[in-house]
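Notes follow the structure.
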Amino acid sequence: MFAVENGLQGDPRLQAISDAIRVIPHFPKTGIMFQDITTLLLDPVAFKHVVDIFVDRYKHMNISLVAGVEARGFIFGPPIALAIGAKFVPLRKPGKLPGRVISEEYELEYGNDRLEMSVEAVKSHERALVIDDLVATGGTLSASINLLERAGAEVVECACVVGLPKFKGHCKLKGKPLYVLVEPSQLDEVTF
Ligand SMILES: O=P(O)(O)OC[C@H]1O[C@H](OP(=O)(O)OP(=O)(O)O)[C@H](O)[C@@H]1O
Ligand SMILES: Nc1ncnc2[nH]cnc12
């Protein structure tokens, strides 16, 4: 784990979170060092640290909407939304949401994809937070920001448990702040 500039330097919870994330080389494709947060979910202490840190950061920011990105943003987003008294809006892969949706295409570290959001879920000028497990290229968060802004929301920040700094994902976020808890050590980030 590297020190991340998140205002939590020296906080032992970050080491516990980092230690609970398993790194799987060459998954789902050769060359990808997969940061597996499912092992973090098996550790209720570390999982709670993640939720507590985000809740402490966002509880007084007047956020009324937490948007979570399918699939892993659906794990971290809802407990944070409930704790800060905000609604949860799922940003879904194509064809999953009924009703009127808007859609944004984006590029991934390993492929292309599209995200959709229910238009009715968002009121104009709502203050929104985007949650996902991980930021790599920033394509997913960028599509999420676009969806929310097209619906009239103000995106206050994007928050992820893991950041992969070599992809410079923050550069794609239209100047929106990115808050990350941990970054893997160089060895765990290398692609082959
Ligand atoms: O910063 P980016 O390069 O856009 O990559 C980050 C995204 O990639 C992963 O999801 P993935 O698309 O693999 O979907 P999944 O959660 O359904 O496995 C991850 O959970 C993020 O959503
Ligand atoms: N290296 C990685 N590990 C886990 N999820 C990812 N999504 C994009 N890149 C990833």
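Each ligand, and each atom within it, is numbered from 1 in the order the structure gives. All residue numbers refer to positions in the sequence shown, counting from 1.
- Contact atoms of ligand 1 toward Gly138: 1 (O), 2 (P), 3 (O) (distance under 4.0 Å to a heavy atom of the residue).
- By the rule that hydrophobic residues join a cluster once side-chain heavy atoms approach within less than 4.5 Å of another member, Val51 and Ile37 end up as members of one cluster.
- Within the 4.5 Å cutoff, the side chain of Cys158 has no heavy atoms near those of the Val135 side chain.
- A cation-pi contact, defined as under 6.0 Å to the ring centre and within 45° of the axis, is absent between Arg114 and Tyr106.
- In summary, the atoms of ligand 2 found under 4.0 Å from a heavy atom of Arg72, numbered by their order in the structure, are 4 (C), 5 (N).
- Residues satisfying the side-chain contact (heavy atoms from CB on, under 4.5 Å) test with Lys48, not counting sequence neighbours, are Asp52.
- Listed by atom number, the atoms of ligand 2 under 4.0 Å from Met33 heavy atoms are 1 (N), 2 (C), 3 (N).
- Inclusion of Leu141 in the set of residues having an N or O under 3.5 Å from an N or O of ligand 1 is not warranted.
- Within ligand 2, the atoms closer than 4.0 Å to a non-hydrogen atom of Leu134 are 3 (N), 4 (C), 5 (N), 6 (C), 7 (N), 8 (C), 9 (N), 10 (C), numbered from 1 in the order shown.
- On a distance-only criterion, Ala71 and ligand 1 share at least one N/O pair closer than 3.5 Å.
- Contact of the Val155 side chain with the Glu149 side chain is registered, since non-hydrogen atoms from C-beta on lie closer than 4.5 Å.
- The pair Lys93-Glu70 does not count as a salt bridge, with every side-chain nitrogen at least 4.0 angstrom from each carboxylate oxygen.
- Counting heavy atoms closer than 4.0 Å to ligand 2, residue Lys29 contributes nothing at all.
- Short contacts between ligand 1 and Lys93, defined as distances under 4.0 Å to a heavy atom of the residue, involve ligand atoms 12 (O), 14 (O), 15 (P), 17 (O).
- Residue contact annotation: Asp133 has a non-hydrogen atom under 4.0 Å from ligand 1.
- Residue Asp113 has no N or O atom closer than 3.5 Å to an N or O atom of ligand 1.
- Considering only non-hydrogen atoms, atom 21 (C) of ligand 1 lies nearest to Asp132 out of Thr137, Asp132, Val162, Thr140.
- Among pairs with a residue in residues 40-99, those fulfilling ring-ring contact (aromatic ring centres under 6.0 Å, His included) read Phe47-Phe76, at least two apart in sequence or across chains.
- Counting atoms of ligand 2 from 1 in the listed order, those under 4.0 Å from a heavy atom of Ile32 are 1 (N).
- For Glu154 and Arg127, the salt-bridge test passes: some basic side-chain N is under 4.0 Å from an acidic carboxylate O.
- Residue Leu164 approaches ligand 2 through these ligand atoms, each under 4.0 Å from one of its heavy atoms: 1 (N).
- At a heavy-atom cutoff of 4.0 Å, ligand 2 is contacted by no atom of Asp36, backbone or side chain.
- The main-chain N or O of Arg22 is found under 3.5 Å from a side-chain atom of Thr39 such that the two form a donor-acceptor pair.
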